[in-house]
J.: 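Okay, here's the structure, questions in a sec.
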Protein chains: 2
Amino acid sequence: MAGRAGTGGRSVTSRALQVLDAFDSTAPRLTLSEIAERSGTPLSTAHRLLGELTAWGALRRRPDGRYEIGRKLWDLGLLAPVQLELRQVATPFLLDVHTATRDTVHLAVREGRSALYVERVSGRESVPVVSQVGSRLPLHATGVGKVLLAAAPDDVVDAVLRAPTRETRHTVVAPARLRRELAEVRRRGYARTAEEMSLGTLSLAVPVRVERPAGPAVVAALGVVVPSHRRDLLRLVPVLEVAARGIGRELSRVHAFH
Amino acid sequence: MAGRAGTGGRSVTSRALQVLDAFDSTAPRLTLSEIAERSGTPLSTAHRLLGELTAWGALRRRPDGRYEIGRKLWDLGLLAPVQLELRQVATPFLLDVHTATRDTVHLAVREGRSALYVERVSGRESVPVVSQVGSRLPLHATGVGKVLLAAAPDDVVDAVLRAPTRETRHTVVAPARLRRELAEVRRRGYARTAEEMSLGTLSLAVPVRVERPAGPAVVAALGVVVPSHRRDLLRLVPVLEVAARGIGRELSRVHAFH
DNA sequence: CGATTCCTTCCGCTGAGTGGGAGGCTGGCC
DNA sequence: GGCCAGCCTCCCACTCAGCGGAAGGAATCG
């Protein structure tokens, strides 16, 4: 590095996108120097880029000098069709389930080797749960995850079972046992977990299916999370199934129309 | 413009941000040429930028060749603290109201001269409403808007009353009458509209207040939208007030804790 | 089958972005 | 109070990354 300038701009447009990459859910508010370090950008460059991004509205400067994601990115993010149709169709059904049970209700899809939570309805007195809209949780340790994994292609199952993370002392990490569980999920049509992701909670989930030319396909999973002391969890299976069928039916209708 | 190159890059980082600006809620899916035109970017430049943005994940290429906002921007957008705390605190209360009334419930804040809808809970059989999370509606034609406007500084009120848009034939656009209505909203503690934003719907809204050193401040508005044939709308006032007070109380607690 | 529209790729030019460094500001420590 | 360390802000000469005109495909249409 003898020269003085112009070595930057690897391949993405300016370093602006690298700067944005410095932000994630574990670090939503950052100082200039943190951003510079996390994004591997020289301080002065980061400073200028942050100024431009802030002027555009992608970021916002807090009174304490830190930067955070701004309203414009929020707006744009809401335009993302990340399961937009699925969410719109499913939300009323999630509300129905929530109204009937007062429990925390989730809708998740599989994204690679994770369960991506795309929608959530949670009441006030619900147990605190780790999942949030936009968060990704392992496929082998949650109800919705098991449902999605049970419907996933073999290579995904193999990849997940190769190194299942241990989340709590109840997490099932033995590949053979996980395979048996997945088979059971397929047979029974629902998945159940007990304190496998977070202590103190049970979960129950069912698949959301749509009819495809090649046969029914699992496009999402619908689940509830309840405190451990609840004994009647399996009574919710029919409730979830009704809602899941409703979602599947609506999705088919929307697709046919489109 | 005699030269050939390098005239671009006005002031924002690359044209990438201009390209992103081409997307809005009225145009969430665009072709290359549409984007080039909407953003005032030469076709080949737009093409390259779109490639980079797509590689980064900001955009996604649809099977039909169009571009749309991608998952990465969705992720980042969810990090935006756009009333994040308010939303988290308020959502359970919105659910309570929805459970009690089965109506469409909104939470909005004032942003400049618009009402910004930050959260929404709508049932299945609800009337179709124009508002969506992230959308902005005029302050003078909706229930939540009037509540927010009634609590806004004078210069905002003046600016809005200078040129109120006509949304339907029932929209109140006479400044004098609007001022009288705002006074009434302040006096009674709620706002009501009848088909002023969209035909076929009524709305009702109350302010969400928090205690500040300088006295109570209106930080948001909580409202419902119902079909026009409903006659018992005012019965919902106490329901909304209870929820609004609950939200205010929670907000104060969170702030004190922080 | 030529016309039209839209997308993709190429490549020489140049000025916009780059980043080292100087300078300011703040707060903590001796 | 003086010094130092950690941040942030600003400046400016260098240069190479982005720019965009233009040509070449691909797809659609009448």
Side-chain angles (χ1 to χ4, degrees), chain A residues 1-23 27-70 72 81 258, chain B residues 1-23 26-70 72 81:
Chain A
M1 284 201 213
R4 189 192 275 178
T7 324
R10 207 61 59 235
S11 67
V12 286
T13 295
S14 296
R15 315 298 284 266
L17 299 179
Q18 286 184 43
V19 163
L20 286 181
D21 263 332
F23 293 86
R29 303 171 178 183
L30 298 167
T31 66
L32 167 61
S33 24
E34 285 169 342
I35 294 170
E37 187 182 3
R38 289 173 65 95
S39 64
T41 310
L43 204 74
S44 62
T45 303
H47 181 253
R48 183 177 37 79
L49 290 175
L50 288 169
E52 291 170 6
L53 287 167
T54 303
W56 185 71
L59 299 176
R60 206 176 76 89
R61 192 103 200 239
R62 296 164 47 82
D64 64 5
R66 285 162 190 272
Y67 294 88
E68 62 191 9
I69 302 292
K72 197 128 178 188
H258 198 66
Chain B
M1 300 225 189
R4 190 193 273 181
T7 323
R10 207 63 58 236
S11 67
V12 287
T13 295
S14 297
R15 313 299 283 266
L17 299 180
Q18 287 185 43
V19 163
L20 285 181
D21 263 332
F23 293 85
T26 67
R29 304 171 178 184
L30 298 168
T31 66
L32 167 62
S33 24
E34 285 168 342
I35 294 169
E37 186 182 6
R38 289 172 65 95
S39 64
T41 310
L43 205 75
S44 62
T45 303
H47 181 254
R48 182 176 40 78
L49 290 175
L50 288 169
E52 291 171 7
L53 288 168
T54 303
W56 185 71
L59 299 177
R60 206 176 77 89
R61 192 103 201 242
R62 296 164 47 83
D64 63 6
R66 284 164 191 271
Y67 293 87
E68 61 190 8
I69 302 292
K72 198 129 179 185

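Labels below follow one simple rule: chain letters A, B, ... track the order of the sequence lines, proteins then strands, and each chain is numbered from 1. Computed over heavy atoms, backbone and side chain alike; hydrogens, waters and symmetry mates excluded. Computed from a predicted model, the values in this text were never measured in an experiment.
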J.: Tell me: CD of A:Gln18 to P of C:dG17, nearest whole Å?
T.: 16 Å
J.: Of the listed nucleotides (D:dT9, C:dC7, D:dG20), which one gets closest to any side-chain atom of A:Leu32?
T.: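 That would be D:dT9.
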J.: Using whole Å, what does the distance between atom C1' of nucleotide D:dG6 and atom CD of A:Glu34 come to?
T.: 13 Å
J.: Which nucleotide, C:dC6, C:dG20, C:dT9, lies nearest any side-chain atom of B:His47?
T.: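 Selected nucleotide: C:dT9.
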J.: Which nucleotide in the set C:dC6, D:dG20, C:dT8 lies at the smallest distance from any side-chain heavy atom of B:Ser33?
T.: C:dC6
J.: What is the distance from CG of B:Leu50 to P of D:dC19, rounded to the nearest Å?
T.: 12 Å
J.: So, does A:Arg61 get its side chain near the phosphate of D:dC8, meaning an N or O under 4.0 Å from OP1 or OP2?
T.: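 No, A:Arg61 has no side-chain N/O under 4.0 Å of OP1/OP2 on D:dC8.
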J.: Can you figure out which of D:dC11, C:dC7, D:dG21 approaches the side chain of A:Ser44 most closely?
T.: D:dC11
J.: Does the side chain of A:Tyr67 come under 3.5 Å of the side chain of A:Arg29 through a donor N or O and an acceptor N or O?
T.: no
J.: Between B:Arg38 (CZ) and C:dC6 (P), how many Å, whole number?
T.: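 Those two atoms, CZ and P, are 15 Å apart.
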J.: Rounding to an integer number of Å, can you tell me how far A:Glu52 CD sits from C:dA16 C1'?
T.: 10 Å
J.: Could you give the CG-to-P distance, from B:Asp64 to C:dT5, as a whole number of Å?
T.: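 Checked: the CG to P distance equals 20 Å.
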J.: Provide the closest heavy-atom pair for B:Leu43 versus B:Ala36 in the form atom of the first, atom of the second, distance.
T.: CD1-CB, 3.8 Å
J.: Could you tell me whether the phosphate oxygens of C:dG19, OP1 or OP2, come under 4.0 Å of any side-chain nitrogen or oxygen in A:Thr45?
T.: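 It does, given that an N or O in the side chain of A:Thr45 lies less than 4.0 Å from OP1 or OP2 of C:dG19.
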J.: Taking atom CG of A:Leu59 and atom CG of A:Leu53, what is their separation to the nearest 0.5 Å?
T.: 5.0 Å
J.: Which nucleotide in the list D:dT9, C:dT18, C:dG19 gets nearest to the side chain of A:Pro42?
T.: C:dG19
J.: May I ask you to verify if any side-chain N or O of A:Arg48 is less than 4.0 angstrom from the OP1 or OP2 atom of C:dT18?
T.: yes
J.: Please report the interatomic distance CZ(B:Arg61) to CD(B:Glu68), rounded to the nearest 0.5 Å.
T.: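 Rounded to the nearest 0.5 Å, the CZ-CD separation comes out at 11.5 Å.
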J.: Describe the nucleic acid contact of B:Thr41 in one word from base, sugar-phosphate, nothing, applying a heavy-atom distance below 4.0 Å.
T.: nothing
J.: Distance from A:Glu34 atom CD to A:Leu32 atom CG, nearest 0.5 Å?
T.: 9.5 Å
J.: How close or far is atom C1' of C:dC6 from atom OH of B:Tyr67, stated in whole angstroms?
T.: 12 Å
J.: Could you check how far CG of A:Leu43 sits from C1' of C:dG17, rounded to whole Å?
T.: 16 Å
